[in-house]
Amino acid sequence: QVQLVESGGGLVQPGGSLRLSCAASGFTFSYYDISWYRQGSGKERILVAGISAGGRTNYADSVKGRFTISRDNTKNTVGLQMDSLKPEDTAAYYCNARGGPSYTTVYWGQGTQVTVSS
């Protein structure tokens, strides 16, 4: 029932842009903090950007000024606008939701691949 489904990944040239989207269902989306993580080949999964239930945002230093996270609680979606893309942004991108009683509930999406070349 609970789902986080990412979309919007693809192949883009350096300097280009992509917009990722995560569609949520099966839980009270507006009560959850949402984050985007990424994991490059052979690398650890790291936090890229987060947005709280109240709309406060945080970004990894590596993407600050280039990526923008947003949420639409009327549509149960989270966006990640990625501009000025670099080859090092190549990774699988995952959306993550945290909330529930005592802030213990965690949900993950299946991931969407972003490839920046060349």
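- Here Arg66 pairs with Asp89 under the salt bridge (Lys or Arg N to Asp or Glu O under 4.0 Å) rule; sequence neighbours left out.
- Placement of Val2 and Leu4 within a single hydrophobic cluster is found when ILVMFWY residues are connected by side-chain heavy-atom separations under 4.5 Å, directly or transitively.
- Listed for the Asp33 side chain is a donor-acceptor partner under 3.5 Å among the backbone atoms of Ala53.
- Under a hydrophobic-cluster definition in which Ile, Leu, Val, Met, Phe, Trp and Tyr are linked whenever side-chain heavy atoms come within less than 4.5 Å, directly or via other members, Tyr94 and Leu18 are assigned to different clusters.
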Derivation and outcome, side chain to side chain contact (heavy atoms under 4.5 Å, CB included), residues Ser21 and Val78: CA-CA 6 Å; Ser21 184; Val78 181; over 6 Å; no
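- Within 6.0 Å of CD on Glu88 lie more than 12 heavy atoms contributed by other residues, nucleotides or ligands.
- Proximity of Arg19 to Ser70: side-chain heavy atoms (C-beta onward) are separated by under 4.5 Å at one or more points.
- Shown here for Phe29 and Ala24, the closest heavy-atom pair between the two residues is CD1-CB, 3.5 Å.
- Side-chain contact check for Lys86 versus Val116: every heavy-atom pair is 4.5 Å or farther apart.
- Here Cys22 contributes atom SG and Asn76 contributes atom CG; the two are 10.0 Å apart, rounded to the nearest 0.5 Å.
- When all heavy atoms of Pro14 and Ser118 are compared, the closest pair comes out as CD-N, 3.0 Å.
- The backbone N or O of Gly55 lies less than 3.5 Å from a partner atom in the side chain of Ser52, making a donor-acceptor pair.
- Checked against the 6.0 Å centroid threshold, Phe27 and Tyr107 count as a close aromatic pair.
- Applying the side-chain contact (heavy atoms from CB on, under 4.5 Å) test between Glu6 and each of Tyr93, Trp108, Trp36 identifies Trp36 as the sole match.
- With Thr105 contributing its side chain and Gly100 its backbone, the two residues share no donor-acceptor pair below 3.5 Å.
- No side-chain heavy atom of Leu85 sits under 4.5 Å from any side-chain heavy atom of Gln13.
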Intermediate values then yes/no, side chain to side chain contact (heavy atoms under 4.5 Å, CB included), Asn96 and Ile34: CA-CA 6 Å; Asn96 165 281; Ile34 310 296; over 6 Å; no
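- A 4.5 Å side-chain heavy-atom check between Ser35 and Cys95 finds every atom pair outside the cut-off.
- In this structure the side chain of Asp83 never reaches within 4.5 angstrom of the side chain of Phe67, judged on heavy atoms.
- For the residue pair Asn73 / Arg71, a side-chain donor-acceptor distance below 3.5 Å is found, with atom types taken as modelled.
- The line from OG of Ser17 to CE of Met82 is 8.5 Å long, rounded to the nearest 0.5 Å.
- Cluster annotation: Ile69 and Tyr31 are assigned to the same hydrophobic cluster (Ile/Leu/Val/Met/Phe/Trp/Tyr, side-chain heavy-atom contacts under 4.5 Å, transitive).
- Between Arg38 and Leu20, every side-chain heavy-atom pair lies at or beyond the 4.5 Å cut-off.
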